[in-house]
There are 2 protein chains.
Amino acid sequence: MAVRTKLPEAPALPLNQILAGDCIDVMRSLPEASVDLIFADPPYNLQLKGELHRPDNSRVDAVDDHWDQFSSFAAYDKFTRDWLAAARRLLKPNGAIWVIGSYHNIFRVGSALQDAGYWILNDVVWRKSNPMPNFRGKRLTNAHETMIWASKSEAAKYTFNYDALKALNEGVQMRSDWVLPICTGHERLKDANGDKAHPTQKPESLLHRVLVGSTNPGDVVLDPFFGTGTTGAVAKMLGRQFIGIEREDSYREAAAQRIARVRPYDASALETSGSKRAEPRVPFGQLVERGMLRPGEVLVGPRGSTAKVRADGTLVGDRMTGSIHQVGAHYEGAPSCNGWTYWHFKREGKMVPIDFLRQQIRAELGEH
Amino acid sequence: MAVRTKLPEAPALPLNQILAGDCIDVMRSLPEASVDLIFADPPYNLQLKGELHRPDNSRVDAVDDHWDQFSSFAAYDKFTRDWLAAARRLLKPNGAIWVIGSYHNIFRVGSALQDAGYWILNDVVWRKSNPMPNFRGKRLTNAHETMIWASKSEAAKYTFNYDALKALNEGVQMRSDWVLPICTGHERLKDANGDKAHPTQKPESLLHRVLVGSTNPGDVVLDPFFGTGTTGAVAKMLGRQFIGIEREDSYREAAAQRIARVRPYDASALETSGSKRAEPRVPFGQLVERGMLRPGEVLVGPRGSTAKVRADGTLVGDRMTGSIHQVGAHYEGAPSCNGWTYWHFKREGKMVPIDFLRQQIRAELGEH
DNA sequence: GTCCTCTATGAATCTAGGA
DNA sequence: TTCCTAGATTCATAGAGGA
């Protein structure tokens, strides 16, 4: 009788945790082919020289952290190739990666991705609606950052929720340029002194779009440069699992507290549109993406009808799902309905039409 | 008596011509440090497999020309590094380059630029207002291309017409994302069969912005991948000199005919908004010398600080003597200060900045 | 409470020229 | 080359604070 040898068990995947340490070491310790998506915001290797002042003589708080210092392009390239290789090992065969950067580093990253066997699907431009100006008038305002979306290999059957992104974008195909504001205000994490907890915190709206578009509920999302945990926070909201890796103690602590405060959206809010739904005529999804309305939040009609907001900007009503217009029309028994004026949400005890939020966005967009 | 040997003359620069041949060979034959700006639209190294059809089954006319075929990244990299080196040799010390590309090649180009010693100034996103949709719904609509603007070296004093671009942008700084339509309609060159003469003809509006922003009238602009000559056409319109290099006979012919039809703008139309830096320098002492300010007169700062004018054009402040800038900076506790806008004097009950007097002097100077 | 003004700040490779 | 000084230069947004 043959003795059945037990195979060594693969180490368990540490889901919804923030792991301490160097991301390359940690990634090498994790089981291969176990992750659906990687979102990475690596150091940009800014090469800043002196100080910079605004015309009013105030000092610009520059990114001068030790983790952004590299001795040369060669050193940065080696670092990049090493972490990209470790990351690729962790991806499932149909997995994909997003990497964000600026002109300082993104060309190194893009070349390294291609050389490592990743297959670029799109480069996506995050167009900042409110970037910092160029104070000395010596260059163009640096008003965007670049994200590269790539699958593990050319053959990969990557996840792409085409219809969900189309729904987020007024019913037309999502483009490769995304206009979103930078992370400020309440969303921006502060330390005990009231200073920004992390110099380069990314907006949740950006991660919302990435995760809605390229993962499904329950997927495992790894962020090897976790920082203050935007990826984890949005993953939790959206019912995805996350794994964070972060070297700095202070960032890990801030991220853990932040994520603990996050309330996941209702499961029903996370179902995204199937492929045959009609086209909404308004960008209602942007209100959700930007956090102006929470998935799961209940909207109220003029005669007390209610409907629940989903993550892709559709509504769930009584035996009825669709755009804000469709659900409103359904309740009214009318052939059509302007959802923007029909639906209201509650703020500080008052019922406010959702059109109020659309006007806020339009005011921003109209300025460009 | 010594015989004076004539030095071999540098070959003359073939201005406003389209040169036939491989761009690397041709560039190597031209005199070094002779060109102000290079605009390059190199082959994109597209990796298209098979044909692409629209939902109605019509065939998309893809870029499959033989000049865009490279067997591997290594071959494309070698080509890129070779032409970038030849181009850099041609640039004057304060020259600059623009290269346009898509995610297929731009990361290779950007890395090669950095490795060759160019210094990236901005990456600029051309955001297409009317891109081709993604027919299969498998990716985001590829709605932009990327341009890299780089100087010959970090030390270069590159040309940047900040005020002209600001004027082009309704009075606010030009950003790194440019929204412009793709080249269609009358502007798109057709061959004898009515088909497009070149698969990737760039819009003139794009070159207009590049040349207004980073060259001056009379500058020499080289385009090593001339195609159907958009760079040459816009250069001629704008009173810049061009050198085109193109391998394909049909493109050269189309470009030559096109450029012959171009009528340059009037010289007066080419004057762009000037910068203050270009205006003649006026020492503060001249205001005293000319009697516009009396020695002993008291100047006032925005927060009530005061200083007394001396006969030699220095100011006496609170335990501090120096130039208008130094005393202003001292009061503000700032590293620097523009004394011309900081200090005010009283005329007819109103506080007037001393810059008003400088403008009077400059107006007089301008009359001669 | 409302409206308005003022202030602070954000991934930034941010000067030019003469002595 | 280095040093020194003149002097040119900002947009969108959030939040505080005053009228």
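Letters A, B, ... mirror the listed sequences (proteins, then strands); counts begin at 1.
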Inset, instruction - Taking only the side-chain heavy atoms of A:Leu52 (C-beta and beyond), determine which of C:dT13, C:dA11, C:dA12 contains the nearest atom. - result: C:dA12
Inset, instruction - Measure from the side-chain heavy atoms of A:Trp67 and tell me the nearest of D:dA8, C:dT13, C:dA11. - result: C:dA11
Inset, instruction - Determine the contact category for B:Glu154: base if any of its heavy atoms lies under 4.0 Å from a base atom, sugar-phosphate if only primed atoms, P, OP1 or OP2 are that close, otherwise nothing. - result: nothing
Legend entry - C:dC14 pyrimidine/purine six-ring stacking with A:Phe135, under 5.5 Å and 30°: no
Same-atom distance ([atom1]) from [N] to [M], integer angstrom:
N      : M      : atom1 : answer
C:dG17 : D:dA8  : P     : 13 Å
C:dG1  : D:dG17 : C1'   : 15 Å
D:dG7  : C:dA12 : P     : 29 Å

Legend entry - From B:Lys152 atom NZ to B:Ile38 atom CD1, the distance as rounded to the nearest 0.5 Å: 9.0 Å
Legend entry - Aromatic B:Trp178 / basic B:Arg209 pairing, under 6.0 angstrom, 45° off normal: yes
Inset, instruction - Using both distances under 3.5 Å as the test, list the Watson-Crick or G-U wobble partner of D:dG7, or none. - result: none
Legend entry - Donor/acceptor link under 3.5 angstrom from B:Ser336 side chain onto base of D:dA8: yes
Inset, instruction - Indicate, yes or no, whether a donor-acceptor pair under 3.5 Å links the base of C:dG17 to the side chain of B:Arg277. - result: no
Legend entry - Residue-level proximity of residues 182-207 of chain A to DNA chain D when a heavy atom falls under 4.0 Å: A:Thr184, A:Gly185, A:His186
Inset, instruction - Go through residues 280-288 of chain B and report each residue with a non-hydrogen atom lying under 4.0 Å from DNA chain D, sorted by number. - result: B:Arg281, B:Val282
